[in-house]
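Okay, structure first, notes after.
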Amino acid sequence: MGKTGGYQLLVKGQFIWFKSLLPALLVVIGTIDALAVPARLRGSAPQYSGMSLVVETYEENISYTVRPLAVIRVDNKGRFDCEVNVGEVTLIHLELGQFRAHMLVEPGAEYQIVLPPNVPRPDADRFNPFYKPEDILIGIVNQPKNNLNNAVNELDEHYERLYNKNAVDLIRRQYIRLADEMITSLDSLSDNQETKFYQDYLFYRKAIFYSLPRSRQTTAVIKNYFSNREVLYNNPAYWDAVKTIFTGYLDSYLKSAKGRKLAPGMNSATRFDSLSIILSSDTLFRNVEFREILLLKHLYDGFYSGHLSAEKATRLLSDAVSTASHPRIKAIAQSLSQRVSHLKQGSMAPGFVLRNFKGKEVSLDDFKGKFVYLAFLHTENYACLKDLPALNAIQERFKKDLVVLGIITNEQQDNAENYLKKNKISWTALPFTYSQKIVFDYNITALPSYFLINPDGKMSLSPAPKPDESFDKVYIDINQAYKHQQIRLEKPKEKTIYDLFR
């Protein structure tokens, strides 16, 4: 503690005083990321021996885009010890077959954890977008019973019981007194933890109960819970409240008495910072970070709902990357912008570096100058097996200008390698076990999946036709169009008489 009621934070050799700790973290986020002491995860899980487990977190909490944070490498005896770089309390999760295990990790903390049994997901469901693994809390051996994870879990269980029992009365009948009783019930748990993260978590669980019977009183909700409060970038309860309260909110707001005055400017604005300035004329939205979060959510939701033109939403999200007020909002805008333009025709294909079955590194850039027919396959999947002979034929037929590149998604690398050798494939096969990020980058939700990448490394088709879906004709047309375009770009300037004297 520094001055009364404040904190001193050592930044580059100097103590800086802040009234509360979290704003300090946000102000110097870049510095803190560099100085943060990693959390440590260790334990023993023989059922996962020899496996690499990806520690994930959310890039941001609007699209819930996942990004890898670290890799837990389990040795042959089942032991593991991994550092996870976090600058503040962070929700992490592990995809473990039929389980999705999660926990909160704090900078500098050490966790001896217990993983659930290794129950592989059926191959048919490995990339099924509708498959929902069982969500479980990672067990922690070496922390007190009232640790942050247990306290948050107990709060969430109590919250969900109250919500499931009373949601109808809160939403349809708008029983405000019932909401107040539920908030009081949550308060009874507040002694479990006194950390700021937990108290903020509790505050925004209560915000949802407060808001449900007040659907026509959003102004009061915003004043009480958002207008003059910091944005909690890494607190899941904050974002649950944002999702519950503000989905579709700006669409309705712009039709209200206040909003109608702003609607013309909002509809005609060509820059993200202009939208923000227009919205700031309402005192509800004087908090610049809060209103920009609302705008980003509005643009992202509008893109997928069709309430906004795809062109406008994409352009404004891209503009927010440079014009938003805060580095963390710019980072959220960057993630959302990539999400809405992800894998679009003409965008750069996500790069990758994998190792082939002999251990040699192979990158997508190695194939620049040729078309790449990128396939995600599994050698024990019936639909994939049907395509393998056709891929051989395509590689032979178009080998002058095309490379067939198969990403093999088998968990057991040896089985896949033996199958491919036995069937004498003529195309390039790479196991994904060294870098599972590629599956997220290409948004793989089903097998097989195909993409066509042009010689410049840009997406030509996403998705591309399967081998038996007239791929040949489609590819020939695209190849010819690409060559004609190159001829136009490379066509030499017509010589004049003056060139004779040079």
Side-chain angles (χ1 to χ4, degrees), residues 51-54 56 65-66 68 94-100 118-134 342-344 349-357 362 364 367 371-395 402-453 459-472 474-475:
M51 297 181 68
S52 294
L53 310 177
V54 181
E56 301 167 346
T65 297
V66 170
L94 300 168
E95 295 285 350
L96 302 172
Q98 295 187 26
F99 300 105
R100 186 174 188 267
N118 183 9
V119 183
R121 189 183 300 185
D123 282 334
D125 288 323
R126 290 186 68 229
F127 300 109
N128 178 357
F130 303 106
Y131 181 86
K132 291 188 177 180
E134 183 181 348
H342 188 56
L343 302 178
K344 288 177 66 175
F352 55 83
V353 178
L354 299 174
R355 293 183 183 271
N356 63 18
F357 287 103
V362 179
L364 181 60
F367 305 101
F371 280 91
V372 175
Y373 189 31
L374 183 64
F376 287 81
L377 306 162
H378 194 292
T379 64
E380 296 171 20
N381 176 290
Y382 176 71
C384 295
L385 293 176
K386 286 200 310 177
D387 289 351
L388 295 184
L391 290 176
N392 270 358
I394 288 172
Q395 181 62 88
L402 177 78
V403 171
V404 175
L405 183 58
I407 308 300
I408 309 303
T409 61
N410 295 49
E411 290 180 348
Q412 297 298 326
Q413 181 176 322
D414 291 344
N415 292 349
E417 184 176 10
N418 291 336
Y419 179 89
L420 296 172
K421 281 183 179 178
K422 182 179 178 181
N423 288 273
K424 299 179 179 178
I425 65 161
S426 59
W427 39 273
T428 303
L430 301 174
F432 87 143
T433 48
Y434 289 96
S435 178
Q436 298 186 19
K437 182 177 181 292
I438 189 173
V439 173
F440 301 111
D441 288 344
Y442 281 86
N443 196 28
I444 302 303
T445 58
L447 293 174
S449 288
Y450 295 93
F451 304 87
L452 184 64
I453 301 168
M459 301 300 304
S460 286
L461 292 173
S462 171
K466 296 175 61 177
D468 61 355
E469 294 177 341
S470 304
F471 172 80
D472 288 20
V474 172
Y475 166 68

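Nothing fancy with the numbering, it's 1 onward along the sequence. Treat the numbers as computed from the prediction; the structure is a model and nothing was measured.
A side-chain contact (heavy atoms from CB on, under 4.5 Å) with F357 is found for one member of N418, D414, L420 and no other, namely L420. Applying the ring-ring contact (aromatic ring centres under 6.0 Å, His included) test between F451 and each of F471, Y442, Y373, F371 identifies Y442 as the sole match.
A distance of 11.0 Å separates CG of D387 from CG of L447, quoted to the nearest 0.5 Å. Between the NZ atom of K424 and the CG atom of L388 there is a distance of 15.5 Å, given to the nearest 0.5 Å. One distance of note links OG1 of T65 with NE2 of H342; it measures 9.0 Å at 0.5 Å rounding. Between atom CD of residue Q395 and atom OG of residue S426 there is a gap of 5.5 Å, rounded to the nearest 0.5 Å. The OG1 atom of T409 sits 9.5 Å away from atom CD1 of I407, with the distance rounded to the nearest 0.5 Å. We find the CG-CG distance between L377 and L391 to be 6.0 Å, quoted to the nearest 0.5 Å.
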task = Could you check V54 against L94 for side-chain contact (heavy atoms from CB on, under 4.5 Å), going step by step and ending with a plain yes or no?
result = CA-CA 6 Å; V54 181; L94 300 168; 6.0 Å; no
Full working for side-chain contact (heavy atoms from CB on, under 4.5 Å) between M51 and N118 = CA-CA 11 Å; M51 297 181 68; N118 183 9; 3.9 Å; yes
key: Steps toward side-chain contact (heavy atoms from CB on, under 4.5 Å) verdict (L364, I453)   = CA-CA 10 Å; L364 181 60; I453 301 168; 4.0 Å; yes
task = Starting from the C-alpha separation in whole Å, work towards a yes-or-no answer on side-chain contact (heavy atoms from CB on, under 4.5 Å) for L430 and I408.
result = CA-CA 6 Å; L430 301 174; I408 309 303; over 6 Å; no
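Side-chain contact between E95 and E56: present, with at least one pair of heavy atoms (C-beta onward) separated by less than 4.5 Å. Looking only at side-chain heavy atoms (C-beta outward), V404 and T428 stay at 4.5 Å or farther from each other. Using a 4.5 Å heavy-atom threshold, the side chains of L402 and F367 count as separate. V403 is not listed as a side-chain neighbour of W427, based on a closest heavy-atom distance of 4.5 Å or more. Annotation: side chain of Q413 is in contact with side chain of P431 (closest heavy-atom distance under 4.5 Å).
By the side-chain contact (heavy atoms from CB on, under 4.5 Å) test, N415 pairs with E380, Q412, sequence neighbours left out. Remark: Y419 pairs with no residue by the side-chain hydrogen bond (donor to acceptor under 3.5 Å, both in side chains) rule, at least two apart or across chains. Under the salt bridge (charged side-chain N to carboxylate O under 4.0 Å, His left out) criterion, E469 pairs with no residue at all, not counting sequence neighbours. Remark: E417 engages K421 in a salt bridge (charged side-chain N to carboxylate O under 4.0 Å, His left out) (not counting sequence neighbours). In terms of the side-chain hydrogen bond (donor to acceptor under 3.5 Å, both in side chains) criterion, E134 has no residue partners (sequence neighbours excluded). Checked against side-chain hydrogen bond (donor to acceptor under 3.5 Å, both in side chains), S462 has no partners two or more places apart in sequence or in another chain.
N443 and L343 make their closest contact through CB-CD1, 4.4 Å (heavy atoms, listed as atom of the first residue, atom of the second, distance). The two residues L385 and T379 come nearest to each other via the heavy atoms CD2-O, 3.1 Å. Closest heavy-atom contact between P467 and A390: CB-CB, 3.6 Å. Listed here is the closest heavy atom pair of A349 and M459: CB-SD, 3.4 Å.
Judged by distance alone, the side chain of N381 and the main-chain N or O of A383 form a donor-acceptor pair under 3.5 Å.
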